[in-house]
Amino acid sequence: RLTTAMRSRARIEDKLEQVFRDNRGFEVPTVVFSIAELARIGADAEELNHPGLARHYLWLVKDELSPEAIEAAHALGKDGHRVVVRGRACHLLLQPVEAGVVDPLRVEKLLGVATNRNFNVVTTLAKKWC
């Protein structure tokens, strides 16, 4: 979590990526959300979650998906698994899966730069920081 006078998400991401590159010597793709965006993602996760799910993972994406990519992601649902894209969050609503498998539907191939977190991490951070 950080505070900055910069208003542009792209500028913040670019600056952080430059700092990470200068500090570590390699590229670190960076995904930034405003407090309002994180609050929305947390609220969406709470709404979509239900006791019947085995797992609820969220891919947090750098750039919003095109309508075609959203349609393709939603179409990946099968065997009781669902994909729901809202804004820059892609929710994987999963029925039982093999241990250690985060993305059995391989939705990550459609997302571009993204990072994956589970329901508990996202909703805990949203409650703490928003």
Side-chain angles (χ1 to χ4, degrees):
R1 180 172 180 193
L2 63 94
T3 302
T4 180
M6 288 188 279
R7 298 285 177 214
S8 164
R9 179 176 58 85
R11 284 187 58 216
I12 296 167
E13 288 172 342
D14 288 345
K15 184 63 176 176
L16 288 169
E17 288 172 353
Q18 175 188 348
V19 170
F20 295 145
R21 183 177 48 253
D22 292 348
N23 182 266
R24 296 292 171 212
F26 55 88
E27 300 290 324
V28 180
T30 304
V31 180
V32 171
F33 292 95
S34 69
I35 290 173
E37 287 174 310
L38 181 59
R40 178 77 260 152
I41 292 167
D44 286 345
E46 295 277 2
E47 176 190 330
L48 293 168
N49 202 55
H50 60 81
L53 289 177
R55 296 194 183 118
H56 182 167
Y57 292 116
L58 292 91
W59 283 103
L60 305 172
V61 300
K62 186 172 186 119
D63 298 310
E64 285 199 27
L65 302 179
S66 69
E68 297 79 17
I70 293 171
E71 184 178 334
H74 289 169
L76 291 173
K78 65 180 180 181
D79 301 328
H81 303 314
R82 289 180 49 220
V83 177
V84 177
V85 177
R86 291 194 179 169
R88 292 191 302 130
C90 179
H91 300 259
L92 300 182
L93 309 171
L94 304 174
Q95 296 305 318
V97 294
E98 182 181 333
V101 176
V102 174
D103 188 2
L105 302 174
R106 305 295 293 161
V107 70
E108 67 183 304
K109 293 179 177 183
L110 301 171
L111 303 179
V113 175
T115 186
N116 186 286
R117 298 293 182 268
N118 70 34
F119 170 83
N120 290 333
V121 169
V122 171
T123 56
T124 298
L125 290 176
K127 288 173 186 170
K128 181 177 180 176
W129 291 345
C130 301

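In terms of modelled atom types and a separation under 3.5 Å, the side chain of His91 and the main chain of Tyr57 share no donor-acceptor contact. Under a 3.5 Å cut-off, the side chain of Thr30 and the backbone N or O of Val28 do form a donor-acceptor pair. With hydrogens and angles ignored, the 3.5 Å screen pairs a side-chain donor or acceptor of Asn118 with a backbone N or O of Asn120. At distances below 3.5 Å, at least one donor-acceptor pair connects side-chain atoms of Arg88 with backbone N or O atoms of Val32.
The line from NZ of Lys128 to OG1 of Thr123 is 13.0 Å long, rounded to the nearest 0.5 Å. To the nearest 0.5 angstrom, Asp79 atom CG is 11.0 Å from Leu94 atom CG.
In this structure, Cys90 and Leu111 have side chains that are in contact, with non-hydrogen atoms separated by less than 4.5 Å. Taking the side chain as every heavy atom from C-beta outward, Leu93 and Val84 approach each other to under 4.5 Å. When side chains are defined from C-beta on, His81 does not count as touching Leu92, because their heavy atoms never get closer than 4.5 Å. Put simply, the side chain of Ile41 reaches to within 4.5 Å of the side chain of Phe33, judged on heavy atoms. Side chains of Val85 and His74 form a contact here, defined as non-hydrogen atoms less than 4.5 Å apart.
Residues Val122 and Arg117 share a closest heavy-atom pair of CG2-CB, 3.7 Å. Between Cys130 and Ala39, the shortest heavy-atom contact is SG-N, 3.5 Å. Nearest heavy-atom pair, Leu76 versus Leu105, reported as atom, atom and distance to 0.1 Å: O-CD2, 3.4 Å. Among all heavy-atom pairs drawn from Leu110 and Leu65, the shortest one is O-CD2, 3.7 Å. For the residue pair Pro96 and Ala54, the shortest heavy atom distance occurs at N-CB, 3.4 Å.
In this structure, Lys62 pairs ionically with Glu17, as a charged nitrogen and a carboxylate oxygen lie closer than 4.0 Å.
In this structure Lys109 satisfies the side chain to side chain donor-acceptor pair (under 3.5 Å) test with no other residue, sequence neighbours excluded. Scored by the salt bridge (Lys or Arg N to Asp or Glu O under 4.0 Å) test, Arg7 finds no partners at all (sequence neighbours excluded).
Counted within 6.0 Å of CZ on Arg86, heavy atoms from surrounding residues, nucleotides or ligands total more than 12; the atom is thus considered enclosed. Applying the 6.0 Å contact sphere to CZ of Arg21 captures more than 12 heavy atoms from other residues, nucleotides or ligands.
Annotation: ring pair (Phe, Tyr, Trp, His ring centres under 6.0 Å) contacts involving residues 94-130, sequence neighbours excluded, comprise His56-Phe119.
Follow the hydrophobic side-chain contacts under 4.5 Å out from Phe26 and you reach Leu16 in the same cluster. In this structure, Ile12 is not a member of the same hydrophobic cluster as Ile35, with clusters built from ILVMFWY side-chain heavy atoms closer than 4.5 Å.
For the pairing with Trp59, the side chain to side chain contact (heavy atoms under 4.5 Å, CB included) check across Val107, Val31, Thr115, Val83 returns one residue only, Val107.
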**Chi angles and distances behind the side chain to side chain contact (heavy atoms under 4.5 Å, CB included) call for Glu13, Met6** = CA-CA 10 Å; Glu13 288 172 342; Met6 288 188 279; over 6 Å; no
